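Step one of this worksheet: look at the structure below.
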Number of protein chains: 2
Amino acid sequence: MSKKIARGPYKPGRIRAQSRDLILQAALAEFACHGFRGTTMQRIAEAAQVPKANIHYYFSNKLGLYGAVLENTLNLWDAVFNEISDHDEPADVLSSYIDAKIEFSRTHPKASRLFAKEMISGAPHLSAYLQQDYRLWFKQRMSIFESWIAQGKMDNVAPAHVIFMIWASTQYYADFEPQILIATDTKTVSEQAFLDAAESIKHIILKGCGIR
Amino acid sequence: MSKKIARGPYKPGRIRAQSRDLILQAALAEFACHGFRGTTMQRIAEAAQVPKANIHYYFSNKLGLYGAVLENTLNLWDAVFNEISDHDEPADVLSSYIDAKIEFSRTHPKASRLFAKEMISGAPHLSAYLQQDYRLWFKQRMSIFESWIAQGKMDNVAPAHVIFMIWASTQYYADFEPQILIATDTKTVSEQAFLDAAESIKHIILKGCGIR
DNA sequence: CGAAAAGTTGACTAAATAGACAGCTATTGA
DNA sequence: TCAATAGCTGTCTATTTAGTCAACTTTTCG
């Protein structure tokens, strides 16, 4: 451990070494798998291959580290949330969103699992982060769905439940991977399986909502 | 704590007092919320209102207790799994199954969450329990779907993904309750919300699969 | 009844854990 | 070059935790 990176003018707490990223990455893996209380600083240190004391150099304490990991994760979510506002036709909007969500599950399974663990535990550390934007996003999408229904572009299905169904179905492929592996008797969920999943979900959601 | 129950002929480890159920119930709540490692025997003891040492009278150790809780939970799942073999028409079969799954989410949210936590953690303690029956059940349903497709009773959608979609959508209402509460800005998920969810899921899945 | 077993518990122990801290090395910028 | 600071780490400590144990109370059944 003797890697350093270029550093700008001295501003305490601004620019940090690579170790910080190693720690965040290892912490995400551990927290996603064992939750906040179930994760030990020692295990994170071992996974990141840094001494435990080094973690406490970059993060005030365990909760601080967890908060940093959560924040990283939520920024990733936001990117997917906002990636769908260009199109107008329900079929295009939902298709893109489902594709983006499935792709997120494939490329960021740990982030998805961390989020899921938080939710299942009652979101004890999450409320502070989302509250504001989250509801706004949800309400806006709800009203878009309602206008589509009014225009006869889709069936009169409760918009909230459609959104929940999309979230549930797409996140499932990251969060419940073992269940998929056991059921399908395979070792890994292939990229093709993710693509197939996206196709099936799109078919069922679009046709099921009477779109197009 | 001085309640006892009627006991049969003396067979060590056969018939146990009410405390055992209290402990199992408290343990389910704690494990479902904090996972295996994140749960302490002390907290379970407090929740069950028994001394910690009493837990170790009924259960060999923490893992033994967790195993007992898991087994209880999986027995509940099995009941739902097998509750759908009477009907023949896809619409009836899927409707009943979705209703049963949503009802399970409503009445046994903790069991659902415990199961979800296990899956997200990589199912470290679960493999031993299901493996056998689980795949069989899955394969049987898959072939039923395939025969429906062959008979033109439903669209050619990959059966596995349909099942995953039903599992994901129905379990979501138990596992991700906080996400629902935040999104819909409510305090609790009402029974009516569960019924609405079931209706929406049934509508989308059935129509989406081209059934009836 | 009364001995034996079931059921219960407070007090203890060994291990694990979060975090503190003093001292070390490497890098910076004047 | 060199002092100041960033970056790093071995060691220690107070606390929490799983699990033990011996002693206690209640129930069973001959």
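Per chain, numbering begins at 1; letters A, B, ... match sequence-line order. The model shown is predicted, which means the values in this text are computed figures rather than measured ones.
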Worked verdict on B/I166 versus B/I98 for side chain to side chain contact (heavy atoms under 4.5 Å, CB included):
CA-CA 7 Å; B/I166 293 173; B/I98 290 166; 3.9 Å; yes

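- Not one side-chain nitrogen or oxygen of B/Y57 sits closer than 4.0 Å to the OP1 or OP2 atom of C/dT8.
- The side chain of A/M41 lies closest to C/dA18 when the candidates are C/dA18, D/dT9, D/dT17.
- Look at CD on B/Q49: it is 14 Å from P on C/dT8, rounded to the nearest Å.
- In this pair, B/Y66 and B/F31 present their aromatic rings perpendicular. The plane angle is above 60°, beyond the 30 to 60° band.
- The side chain of A/N61 sits closest to C/dG19 out of C/dG7, D/dT9, C/dG19.
- Going from atom CG of A/N54 over to atom P of C/dT25 covers 16 Å, rounded to whole Å.
- With respect to the salt-bridge test (charged N to carboxylate O, under 4.0 angstrom), the residues A/E46 and A/R43 do not qualify.
- Between A/T39 and B/I55, the residue anchored nearer the 5' end of DNA chain C, judged by the nucleotide with its closest heavy atom, is B/I55.
- Nucleotide C/dG7 holds its C1' atom 15 Å from the CG atom of B/D21, rounded to whole Å.
- Side-chain N/O atoms of B/S19 include one lying less than 4.0 angstrom from OP1 or OP2 on C/dT8.
- Judged by atom type and distance alone, B/K52 reaches the base of D/dG19 through a side-chain donor-acceptor pair under 3.5 Å.
- Closest approach to the A/Y58 side chain among D/dC8, C/dG10, C/dT17 is made by D/dC8 (side chain taken as heavy atoms from C-beta onward).
- Rounded to whole Å, atom C1' of D/dG7 lies 14 Å from atom CZ of A/F59.
- Atom P of nucleotide C/dA15 and atom CZ of A/R43 are separated by 19 Å, given to the nearest angstrom.
- Rounded to an integer number of Å, the gap from OH of A/Y66 to C1' of C/dG19 is 20 Å.
- Put simply, CZ on B/R20 is 16 Å from C1' on C/dT8, counting in whole angstrom units.
- Listed for the A/S147 side chain is a donor-acceptor partner under 3.5 Å among the backbone atoms of A/I144.
- The B/H56 side chain lies nearest to D/dG19 when the options are D/dG19, C/dT8, D/dA6.
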Applying side chain to side chain donor-acceptor pair (under 3.5 Å) to A/E177 and A/Y172, what does each step give before you reach the verdict?
CA-CA 7 Å; A/E177 189 186 282; A/Y172 187 85; over 6 Å; no

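- Computed from coordinates, the A/I23 CD1 to C/dG19 C1' distance equals 15 Å when rounded to whole Å.
- In this structure, the nucleotide among D/dG19, D/dC8, D/dC21 sitting nearest to the side chain of B/A53 is D/dC21.
- The side chain of B/T40 approaches D/dT17 more closely than any other nucleotide in the set D/dG10, D/dA6, D/dT17.
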